[in-house]
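Down below is the structure, laid out as structure tokens.
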Amino acid sequence: MATDLTHAQLLTGGEAIVEAMCQIDPDVVPVYPITPQTPIIQGYAKAIADGRAHGEMVNVESEHSAMSAAIAAAVAGARTMTATSSQGLALMAEVVYIAASMRAPVVMTLGNRALSGPINIHCDHSDSMLIRDSGAIQLFAESAQEAYDLTVLAPRLAEHPDVLLPVIVCVDGFTLTHSAEPVELLDGELVRDFVGEYRIPHPLLDLAAPTTQGPFAMPDYYFELRRQQAAAIDGALVLFEELGEELGDLTGRRVGALDRYRLEGARRALVCLGSTAGTAKDVVDELRHEGEQVGLLRVCSYRPFPAAEVREALASVDEVIVLDRADSPGGAPALAVEVAYAAGPVRSHVYGLGGRDLHPADLREVFAGTAGRYVGLRSEPCPA
Amino acid sequence: MATDLTHAQLLTGGEAIVEAMCQIDPDVVPVYPITPQTPIIQGYAKAIADGRAHGEMVNVESEHSAMSAAIAAAVAGARTMTATSSQGLALMAEVVYIAASMRAPVVMTLGNRALSGPINIHCDHSDSMLIRDSGAIQLFAESAQEAYDLTVLAPRLAEHPDVLLPVIVCVDGFTLTHSAEPVELLDGELVRDFVGEYRIPHPLLDLAAPTTQGPFAMPDYYFELRRQQAAAIDGALVLFEELGEELGDLTGRRVGALDRYRLEGARRALVCLGSTAGTAKDVVDELRHEGEQVGLLRVCSYRPFPAAEVREALASVDEVIVLDRADSPGGAPALAVEVAYAAGPVRSHVYGLGGRDLHPADLREVFAGTAGRYVGLRSEPCPA
Amino acid sequence: MSRLKTLVREEHGTPPLRGGHSLCQGCGIPMVVRTVLDSIEGPKVVVSATGCLEVATTRFPTTAWNVPWLHLAFENAAAGASGVEAAYRALRRRGGLPQDDELTIVAFAGDGGTYDIGLQALSGALERRHKFVFVCYDNEAYMNTGIQRSGATPFGAATTTSPAGAASFGKVQQRKDLTAIAAAHGIPYVAQSAAGPHWHDLSVKAARAAKADGPAFLNALADCPLGWGHEARLSPSIVDGAVESCFWPLYEVVDGAWRLTYRPAEKQPVEQWLRSQKRFAHLFSPAAAETLEEIQRRVDADWDALVARCGG
Amino acid sequence: MSRLKTLVREEHGTPPLRGGHSLCQGCGIPMVVRTVLDSIEGPKVVVSATGCLEVATTRFPTTAWNVPWLHLAFENAAAGASGVEAAYRALRRRGGLPQDDELTIVAFAGDGGTYDIGLQALSGALERRHKFVFVCYDNEAYMNTGIQRSGATPFGAATTTSPAGAASFGKVQQRKDLTAIAAAHGIPYVAQSAAGPHWHDLSVKAARAAKADGPAFLNALADCPLGWGHEARLSPSIVDGAVESCFWPLYEVVDGAWRLTYRPAEKQPVEQWLRSQKRFAHLFSPAAAETLEEIQRRVDADWDALVARCGG
Amino acid sequence: MGGLKTLKTWPELEPGGVVLRDEAVQPATGGWRTGLRPDADLELCVDCLLCWLYCPDSAVRLDGTAFAGFDLDHCKGCELCAEVCPTGAIEMVPDGD
Amino acid sequence: MGGLKTLKTWPELEPGGVVLRDEAVQPATGGWRTGLRPDADLELCVDCLLCWLYCPDSAVRLDGTAFAGFDLDHCKGCELCAEVCPTGAIEMVPDGD
Amino acid sequence: MKEIRWHARAGQGAKTAAQLLAVALLREGKSVQAFPEYGPERRGSPMRAYTRYDGRPIRRRDSIEEPDAVVVLEPSLARGAEVTAGLAPGGLLLVNSAEPIAGAVCVPAGRIAPDAVNLVMLGALAACLGEPSLEGLAAAAAEVLGRKADPARLAAALEAGHRAAREERWAA
Amino acid sequence: MKEIRWHARAGQGAKTAAQLLAVALLREGKSVQAFPEYGPERRGSPMRAYTRYDGRPIRRRDSIEEPDAVVVLEPSLARGAEVTAGLAPGGLLLVNSAEPIAGAVCVPAGRIAPDAVNLVMLGALAACLGEPSLEGLAAAAAEVLGRKADPARLAAALEAGHRAAREERWAA
Ligand SMILES: Cc1ncc(C[n+]2csc(CCOP(=O)(O)OP(=O)(O)O)c2C)c(N)n1
Ligand SMILES: Cc1ncc(C[n+]2csc(CCOP(=O)(O)OP(=O)(O)O)c2C)c(N)n1
Ligand code: SF4
Ligand code: SF4
Ligand code: SF4
Ligand code: SF4
Ligand code: SF4
Ligand code: SF4
Ligand SMILES: [Mg+2]
Ligand SMILES: [Mg+2]
């Protein structure tokens, strides 16, 4: 942190996101409560009650309806935001795919939380991974500050005419949503200017030019429409970097697809998502200090996944170590396989499910190669 | 086909599965209709109406309830089967995870169909891929015959005390569910003996030993319970092979985790799931005949994924080519990354979305390296 | 002007749903759709649930819809309508849309998308009091997927998931009374109607629904020749049979007040109506005589209860 | 024997729900759960929806349940109960279970898991006529996640998603009348009751529900001191206030016949009841006077309609 | 599906598969008729428009509020119009004619 | 979470996390009391059992159908029993005593 | 390998005919597949079904785009470009039609047996292909439809078609 | 880096105290984090909150298991093993208690200001840690709670705690 934070506010990630929502001031916000997303929707409800926000908050009866109403509002012509977690995301999974395929630029906060069962309210990334094929953009925040920055950026990315896709800002449940940290907010006016007006090519409510939205497609066209969608998300990568720079000019901070931390000359590199990167940076510093050539690659843009950049970032590394905060029972973990595909042989670990913590000591073992496949689990034998 | 099929029956995959269901005669069958699963549930309903099956068919009001009722029945102590497709699977996704984590040995047919949007009723594997982290076992059939064989085998695998997981038999929609092929059925008595009695360690309806099923787990135990589940599905791999042999002794046919087709001395190998393998085998034969050293690895057990066996099967191959029948917009396709992780650098193609056909000519191009990333798509440029 | 002519005028040459779709010959759905939409003045936006109507009218890249039309999935027509309505309110408030000409949002779903998988989204939207008209075209089964039983399928009807056979007599449960369920939500307008010869009733109700100060629910019986098993050209008389036998009464509930909108001169025996449709054919075996009586008894009881509710 | 003593006897020393759970001090849910279960004779299996009751009684590896208990998720208690019931029927038929001692399957869900996200599964289970008792413990908000508004939250109540503030007066919609909605399903037994001083009414109804020939639905008001904003020890008087003001009438619907089971000697003004809870505190500002009147008007109208429905 | 190649490619499609009413071409469904088509005797017609109201395929043409024949490109030959015509003005006749 | 290491490992758990009632240990919640605990004057008690009925923590002990004191390991001190006792037999007293 | 495409309207029995052909060939030792094509169209709309058979095991599961023979059950469909699409120049076009059609073998199945057009055309097809045997077809029909219909009548329809095609081919 | 753990009952203001400490330290140029711990327990149950601060940027986001100081707002919790778990031998244990407890610094916050136990203990903690300044704490309290409470009263509670702890430490 190069900047002086003395005058920053102490905000939880949830509170910081509420501030961003008030500044963006979306038209429609359909939501259904679930821990750890609740501070966000409650904060937003309070902001409306206090006259600080002016959207239509639609308190739906389930997350399936939350996303359905969000898609409808977005394609109707209204800027739309929502938020959820875990079971909520699972229940709306069907419609998240539909949001992406209908090119509805809905912005959603995901307070990452473990999927049931057993039921658990704490952080892991299994919810994000469930919808990794949905076509929605997923950006992982490392800090409350970044949660704010990404939320401010999200509408621009979502609504760009070449993108028109849902953008999900993934924020580690509790670790970020409920922890207070110093956060610098932009001036509200500045945010409004940055975000601009909501514009989509064919609003349903354009009564003068009737459209049919959500048609049935047979094998003669389905593939083409899916391909178009894939092109849109692939194109979002460059755009994200550009918007990151544009926003960076306002904030003095940088957000981007990858966060390369001390990878110069690194012989071993860790790859991970989200708030764990902060802890990992500390460990990298320590090990570097001890003379070990290690580094970290944090993936912020998990979808679209910057495969070429990952390959290049890891090109001169001897060993790539991927940390997944979600398991794929009977298969290999999601981030690990993605990186393997991008960069060659990797070692994989699973950690942190259901809110289990990851400690510096664990990470030392990971780097040393003495950790089991499941880091933080009791009595997991070391690899042979 | 070594056997003489003259006396086989001409059955669609759907009909063959109905025959298997009548022979297994499950206790409870909660279902909700969706194309292309409908022939299965209609056939089963007719079988009950005709007195050929005796289960409780529960015509629920949505797929979320279908899987919920199925889990409840299975943990209560009743053998339970169900079936779905596409949006149905998406709507029940939340509870498929819960089925696996509660170790409910539900057997389900999945008539593979593309996920919306756009809405489409034809085959691809996006529905299977949506739940690839759920912890449920997924076995892909190549033919109607194999759909029958796997359905007969499924309860044994699901209910094995070391497994206790849902088993999903994946059957390509229309291509297998609605196409008639020769199918040899086992004698009903034989199937009943093979399948045996339903037994689980702690049935909810054991009133003498009250249990609490589906508890809340904090970070102190969640990870352990997930790890246990991962061990169960990993262990299912060997068991599947063993059961495949046991069933093979009755049928004279073989089912197993991998189907290695002319891989001896192959320099290039294709990897895929499901009915496409049949077409690919024809092409392999043709190319071999033309002197090309090619082979095919069909993955039947997609979950658990036989990573070590895949690695070994592809060890001496120069080029591995993976065909995915589902796209991961903004990421790499699911089977490709899985194989990459298992076996080193691969080339990937996406084909067949929304029922688009794959022709021998396409496959020649794939082998030749002249196909685009999306095979079968109009005007997809060739790789540079 | 006669009501029918006002419908014609509302279309001004452009039917909201045009020909070229792939619904069956003689399908009863389009008449419901056009009668409802033509009876509502001003601009309209349609939201559809998955089902025959949706699948058969929007095969990409074609469309049979002349009005703005939205489909998301099977279970969420009411949620989609909620989103459109919220967007409309927000944009109007911000001055982003024309301020005259009140827009009407009409959702169409089959019985499956209303009684069963779409009920929760509907109930939530009614509770939140979004201003929209939800129309269930009730053809008493999941037709799009091949005639499976739904919560609306009548007792005794054979469907592909409640087939008649040696060990069964068709559906074993009574149908859900969805109109009453909607009425229990305390919304300003609820009505039950039918297409065919009762188009006038349907038209009047659609107009009232659109003018209600909040959500309105219309349950319209729509004939499905394929699923019910009869010749397409007999549709009008078969829909009529449902009404004249009091199997499907026509009534409305305005701000909680129940009112019959049609009372058959003479109640027809339900057997007559059943006999006209193959889905009930198995009930005319001697073994099923009791089932037939049971059906008549239930129709009578329900009718009496309804009449009482409507003030006798 | 007095009814209370029969409850004691049904427990024979082992309460279905034991101490050691982590529900709030003075939470109103356990009394509903124990009164219902103790009033039903014979073996019972419980299915719970996600919510305070579930989360706070089953932290792995502990359990507060002495009866077999199942939880799947938030929205599917009724679907889970359907599955258990189907399994029970199938196994009994096959001789796989004892043939005496009819088992009762009881589902518990909060208002969120009943009025809102669990409504569809409930409605479907009622339509299919599974034999089970569904009990909604209605504390009028999503309490487990921190007091968000639900379909059951009364008009005007402040919750964290319908807060009171400069630009708002709490929830703007009326509550869904779920008991009436359940009754519209035409099931054999539906009742509305409350814990606290009306435990006797609840107990009698639970026993009747279990004996019904098909599905039964019980809607029991359960106090939440945290969410309603009052001292725990005042719960009995506050639940009583809801009943005595006719905000929460006690009645039952047996095979379609509506009957009041309690009629307050003198209807208390609802204001008194509202005043006892922080969630309504903002209504006692001068600016909200109209809202208060509106609430009283609505309570009166609903009560009159109910009395009429119950035959005056 | 040999004809597939002549259809539009993905960059040519509207985002999300939105169909613009003004550009969409409706398929002809006249080919669904199985030998019979409706034919009206204008002498008998009283412009009640019941045929218009009932036609599931919006295949009855109007001229203002007067009956103006059938759109045989879309008429599927269901016979409903003939059934409901109060004056018997509509008859089903062999399609070739 | 230093104490985590002493808890069971995954092979020791029942499949699916099923909790066997007969083996489960219930946590003590007596520590939730904030200074006051219920205390009964048996002289005044008429065994009406309303305290038993109302107690959210099943913390009223019975002997057959007679009141038999409190389970202070689980009583959270909510005061409901004292509130509903018709004879005033129950009083909240400082917890230390 | 031989591939047949059937054109009809939904409900006219093309799916059944495609399957009966497959059963009869199966009993003669052939490897077979039979499948219809599905879309959002309903009762009354044109539809297609397919039969594929070979002396060697069939494993491919792609669709049929260049059939060896096309059979049209519904006369009104016979003149569309759809029916000849993909049909090789020398390929067989067999139509239910009382009138002759250029390039097609026409059998007046609607006149021969209005209730069993599909069987008549199936018999005719067998005659044109030279396989399967009439007896085999009759047995297949009895096996599949026997519970619903009189086997003798089924056989008669098949035979009538067989004969008509033989005569027509002679004539041509 | 310094790590503080707060013990209290839900509703006693530990979360607020943890945050106020963080705000005051932030204003003095420190890097800070403040977070509570969440579980299925409800009103009345024991809970914990945490504050972490450092002169250098804090990036780690793991939980705090070996705090440098433990503050107990609820006297009845003071004797449980939970409060000392992970506390290093020389670590600070600061308890709201009118009675002395071995090894602990005790401040009778409940007696000093029953409505503001958390602020009294926060003041006391600052005295023990030597940071942040009382003025800084008062400013933080005014910033965070100023709209709901009288800043002067907040400052008074903080100060009373500060003084009490200073006296107690002298005495010890
Ligand atoms: C979640 C989900 N489940 C199932 C389906 C399959 N499905 C599509 S339409 C339909 C039936 C529709 O029935 P109804 O609503 O009555 O409309 P109808 O077809 O009768 O017009 C079904 C079961 C689906 N599309 N989505
Ligand atoms: C699909 C889904 N959405 C949201 C949640 C989060 N959630 C769990 S319990 C609950 C509220 C429960 O409210 P209610 O049913 O009234 O029970 P109560 O908490 O009041 O006892 C919510 C919103 C969830 N678990 N699953
Ligand atoms: S199946 Fe029935 S409802 Fe569907 S299009 Fe055909 S006639 Fe209409
Ligand atoms: S929040 Fe309310 S309902 Fe939940 S445990 Fe506490 S008192 Fe009971
Ligand atoms: S026959 Fe049917 S489709 Fe044709 S015009 Fe008449 S009503 Fe319309
Ligand atoms: S129904 Fe007959 S009379 Fe009426 S407009 Fe049509 S053709 Fe003319
Ligand atoms: S104080 Fe509360 S918890 Fe304790 S015994 Fe009395 S009622 Fe039960
Ligand atoms: S409430 Fe009072 S009188 Fe009744 S049993 Fe309890 S202590 Fe005795
Ligand atoms: Mg229907
Ligand atoms: Mg509640």
Side-chain angles (χ1 to χ4, degrees), chain A residues 1-13 15 35-36 38-39 50 113 119-123 141-145 172-183 261 274-286 296 298 351-352 355-363 376, chain H residues 1 3-6 10 14-42 47-66 86 132-133 136-137 139-148:
Chain A
M1 291 187 201
T3 39
D4 170 21
L5 290 174
T6 314
H7 294 287
Q9 300 192 39
L10 186 78
L11 296 176
T12 64
E15 289 164 346
T35 307
T38 41
D50 294 343
R113 159 182 157 182
I119 181 169
N120 168 293
I121 56 173
H122 288 276
C123 178
E142 179 183 328
S143 61
Q145 180 70 64
D172 283 352
F174 289 103
T175 315
L176 294 180
T177 55
H178 286 62
S179 285
E181 304 180 2
V183 176
Y261 190 77
S275 67
T276 296
T279 315
K281 285 174 184 172
D282 275 7
V283 174
V284 166
D285 283 2
E286 286 172 34
L296 169 79
R298 177 171 68 92
Y351 82 103
R356 180 71 50 88
D357 244 306
L358 187 78
H359 293 285
D362 298 326
L363 286 165
Chain H
M1 181 171 319
E3 298 178 321
I4 321 290
R5 186 170 70 213
W6 303 79
K15 190 175 145 191
T16 306
Q19 291 208 6
L20 288 180
L21 175 61
V23 171
L25 289 162
L26 172 63
R27 297 287 169 256
E28 294 183 2
K30 295 283 191 306
S31 181
V32 296
Q33 283 176 354
F35 50 96
E37 199 171 281
Y38 289 88
E41 292 84 9
R42 323 235 132 200
M47 62 80 71
R48 281 178 287 225
Y50 302 88
T51 311
R52 176 184 269 152
Y53 67 96
D54 199 357
R56 292 186 310 170
I58 300 179
R59 295 177 301 195
R60 59 189 289 181
R61 284 192 180 72
D62 54 336
S63 64
I64 291 172
E65 284 172 19
E66 298 184 352
S133 72
L137 276 181
E143 177 184 337
V144 175
L145 305 171
R147 275 196 307 176
K148 294 190 220 154

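Proteins get letters first, then strands, A, B, ... in listed order; numbering begins at 1 in each.
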*Show the numbers, then the answer: is there a salt bridge (charged side-chain N to carboxylate O under 4.0 Å, His left out) between A/Glu181 and H/Arg61?*
CA-CA 11 Å; A/Glu181 304 180 2; H/Arg61 284 192 180 72; 2.7 Å; yes
*Return each pair, listed once, that meets salt bridge (Lys or Arg N to Asp or Glu O under 4.0 Å) where at least one residue sits in residues 22-33 of chain H; pairs must be two or more places apart or across chains.*
H/Arg27-H/Glu143, H/Lys30-H/Glu131
*Measure the acute angle between the ring planes of H/Tyr38 and A/Phe174, then classify it against the limits of 30° and 60° as parallel, tilted or perpendicular.*
tilted
_Interatomic distance, H/Gln33 atom CD to A/Thr175 atom OG1 [nearest 0.5 angstrom]_ = 10.0 Å
*Give, for atom CG of H/Leu20 and atom CG of A/Leu10, the distance between the pair rounded to the nearest 0.5 Å.*
9.0 Å
*Determine, stepwise, if the pair H/Gln19 / A/Thr12 fulfils side chain to side chain contact (heavy atoms under 4.5 Å, CB included).*
CA-CA 10 Å; H/Gln19 291 208 6; A/Thr12 64; 4.3 Å; yes
*Between A/Asp285 and H/Arg59, is any pair of side-chain heavy atoms under 4.5 Å apart?*
yes
*To the nearest 0.5 angstrom, please state how far the CG atom of H/Asp62 sits from the OG atom of A/Ser275.*
10.0 Å
*asked:* Going by ring-ring contact (aromatic ring centres under 6.0 Å, His included), name the residues that satisfy it together with H/Phe35, two or more places apart in sequence or in a different chain.
replied: H/Tyr50
*Between H/Val32 and A/Pro182, is any pair of side-chain heavy atoms under 4.5 Å apart?*
yes
*Within a reach of under 6.0 Å around CD of H/Glu66, are more than 12 heavy atoms found that belong to other residues, nucleotides or ligands?*
no
*Using non-hydrogen atoms and a 4.5 Å limit, figure out which bit of A/Glu142 sits close to chain H: side chain, backbone, both or neither.*
both
